[in-house]
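Bear in mind that the values here come from a model prediction, so they are computed numbers and not experimental data. Indexing begins at 1, ligand by ligand and atom by atom, following the structure's order. Numbers for residues simply follow the sequence, beginning at 1.
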Amino acid sequence: MSDVVRVEELCRTFRTGAIEVQAVRGVSFSIEEGAMVAIMGPSGSGKTTLMNMLGCLDRPTGGHYFLGGDDVAKKSDDALAAIRNRRIGFIFQNYNLLPALNALENVELPLVYRGMAAGERHLVATQVLAEVGLGELISFRPYELSGGQQQRVGIARALAGKPNLLLADEPTGNLDSASGEEILNLFLALNAAGRTVIIVTHDEQVALHCERIIRLKDGAVLSDRPVAADSRRMRGDLGTRAVVQ
Ligand code: ADP
Ligand code: MG
């Protein structure tokens with residue numbers, strides 16, 4: 001198996017006036033294709049900063065990030081935007097949906113940026129919304145949907161570009177436990193279908209369904225361990241209940 005993601009001594013320092021915050025300081029790890037990895041750590045430990053760099057939403061101030069073997073630091077902003085659009089699906093805690101657009105239009109948006117024709121866009125967006133179990137709700141606006149449904153739209157939007165790498169920053173953080181479990185099921189099914197999933201979570205139950213947990217503290221890796229197979233015994237059961245093939 002090849003590495004989808006490899007970071008070496010990755011750093012991100014924020015400077016505001018005289019104050020310097022080393023949000024990520026020298027993080028190294030590799031993630032193999034098809035893996036499902038949890039990133040955990042207390043608030044302020046650098047999880048979002050790290051995920052934003054992995055998602056090419058932000059650039060490191062030090063170290064290296066290789067995405068599928070490509071050195072991200074050597075890419076122009078336009079090339080990074082294209083990578084984001086085609087190779088990475090990013091899922092946010094607060095869904096980040098545009099309130100004026102319905103579910104279908106929200107999912108179509110990354111395909112608009114890609115220059116896909118309206119007919120094809122419509123077809124792809126309808127298909128991914130059906131895959132996440134929202135086939136009936138495609139014309140609903142975000143405010144007409146529950147939190148769990150909004151997050152499904154967020155996942156459908158991430159899937160629309162057919163990326164191999166899914167990055168989710170506390171995707172169940174705003175959800176009640178039943179909706180959170182549905183979203184976890186969806187990620188397990190997406191991973192079972194071959195996608196690499198990196199998920200930031202505060203929830204030990206979510207993390208225990210992953211193969212590996214990377215724990216951060218003060219911007220550095222505190223531990224990086226596989227999850228014992230017996231802790232994952234529920235995985236198969238949950239996976240078969242999910243909708244995505
Ligand atoms: P987490 O997601 O683990 O809660 P973050 O990555 O959001 O942590 O933040 C890590 C540290 O970096 C915190 O001290 C935070 O205040 C700081 N930080 C994050 N983003 C910025 C920014 N844009 N400017 C300045 N400091 C930031
Ligand atoms: Mg965060």
Side-chain angles (χ1 to χ4, degrees), residues 5-31 35-67 72-73 75 77 80-81 83-84 88-97 147-148 150-155 157-158 163 165-177 179-181 183-184 186-187 196-225 227:
V5 163
R6 181 156 58 91
V7 292
E8 290 173 359
E9 293 298 322
L10 201 71
C11 295
R12 178 67 167 100
T13 301
F14 293 106
R15 284 188 188 83
T16 39
I19 300 166
E20 199 180 271
V21 178
Q22 290 181 293
V24 171
R25 45 181 103 195
V27 165
S28 304
F29 57 75
S30 320
I31 292 178
M36 178 141 175
V37 178
I39 296 180
M40 301 193 79
S43 258
S45 57
K47 305 180 297 296
T48 294
T49 305
L50 174 62
M51 288 295 267
N52 288 345
M53 290 191 281
L54 296 182
C56 298
L57 297 164
D58 187 21
R59 286 179 185 271
T61 49
H64 296 281
Y65 174 22
F66 298 95
L67 177 66
V72 165
K75 305 277 177 193
D77 287 349
L80 275 194
I83 287 174
R84 260 199 322 270
I88 298 169
F90 205 101
I91 293 120
F92 303 86
Q93 177 173 0
N94 60 0
Y95 328 125
N96 272 15
L97 303 177
Q150 289 183 59
Q151 190 56 293
R152 282 169 183 270
V153 177
I155 294 171
R157 179 183 55 194
L165 176 60
L166 294 179
L167 301 175
D169 190 357
E170 305 206 36
T172 64
N174 287 1
L175 301 177
D176 61 81
S177 54
S179 308
E181 191 177 314
I183 296 298
L184 171 63
L186 201 45
F187 280 111
T196 309
V197 176
I198 305 177
I199 185 166
V200 169
T201 184
H202 276 298
D203 185 339
E204 291 283 345
Q205 287 310 311
V206 172
L208 287 175
H209 285 89
C210 297
E211 297 155 14
R212 172 177 166 199
I213 304 178
I214 299 173
R215 289 180 199 272
L216 297 185
K217 188 173 182 226
D218 298 331
V221 175
L222 182 69
S223 66
D224 181 350
R225 295 196 194 106
V227 175

- Any non-hydrogen atom of Gly41 lying under 4.0 Å from ligand 1?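 The answer is no, since Gly41 has no heavy atom less than 4.0 Å from ligand 1.
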
- Item | Positive for side-chain contact (heavy atoms from CB on, under 4.5 Å) with Val206, one of Ile183, Val200, Thr172 |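 Between Val206 and the candidates, side-chain contact (heavy atoms from CB on, under 4.5 Å) is satisfied uniquely by Thr172.
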
- Of Gln151, Glu170, Met51, the residue whose pairing with Ile91 passes side-chain contact (heavy atoms from CB on, under 4.5 Å):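 The option that passes is Gln151.
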
- Task: Please assess Asp58 against Met53 for the test side-chain contact (heavy atoms from CB on, under 4.5 Å), listing each intermediate value before the final yes or no.
- Result: CA-CA 5 Å; Asp58 187 21; Met53 290 191 281; 4.3 Å; yes

For [X] and [Y], indicate whether the former's side chain and the latter's backbone hold a donor-acceptor pair under 3.5 Å.
{"X": "Arg84", "Y": "Cys56", "result": "yes"}
{"X": "Lys47", "Y": "Gly41", "result": "yes"}
{"X": "Thr61", "Y": "Thr13", "result": "yes"}
{"X": "Arg157", "Y": "Tyr95", "result": "yes"}
{"X": "Arg212", "Y": "Asp224", "result": "no"}

Which residue and atom name correspond to the protein heavy atom nearest [atom], and how close is it?
{"atom": "atom 8 (O) of ligand 1", "result": "Gly46 N, 3.2 Å"}
{"atom": "atom 12 (O) of ligand 1", "result": "Ala23 CB, 3.2 Å"}
{"atom": "atom 3 (O) of ligand 1", "result": "Lys47 NZ, 2.7 Å"}
{"atom": "atom 9 (O) of ligand 1", "result": "Thr49 OG1, 3.9 Å"}
{"atom": "atom 27 (C) of ligand 1", "result": "Phe14 CD1, 3.3 Å"}
{"atom": "atom 1 (P) of ligand 1", "result": "Gly44 N, 3.5 Å"}
{"atom": "atom 7 (O) of ligand 1", "result": "Thr48 CB, 3.8 Å"}

- Message: Would you say atom 15 (C) of ligand 1 makes contact with the protein, given that contact here means a non-hydrogen protein atom less than 4.0 Å away?
- Response: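 For atom 15 (C) of ligand 1 the answer is no, since every protein heavy atom stays at 4.0 Å or beyond.
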
- Item | CA sep, side-chain torsions, deciding dist, call: Glu204, Met40, side-chain contact (heavy atoms from CB on, under 4.5 Å) | CA-CA 9 Å; Glu204 291 283 345; Met40 301 193 79; 3.8 Å; yes

State the atoms of ligand 1, each with its element, that fall below the 4.0 Å cut-off from a heavy-atom position in [X].
{"X": "Val21", "answer": "12 (O), 14 (O), 17 (C)"}
{"X": "Ser43", "answer": "4 (O)"}
{"X": "Pro42", "answer": "3 (O)"}

- For Ser45 and ligand 1, does the shortest N/O to N/O distance drop below 3.5 Å?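 Checking ligand 1 against Ser45, an N or O pair does fall under 3.5 Å apart.
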
- Item | the Mg ion (ligand 2) reached by Thr48 (N, O or S, under 2.8 Å) |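 Short answer: yes, at least one N, O or S atom is under the cut-off.
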
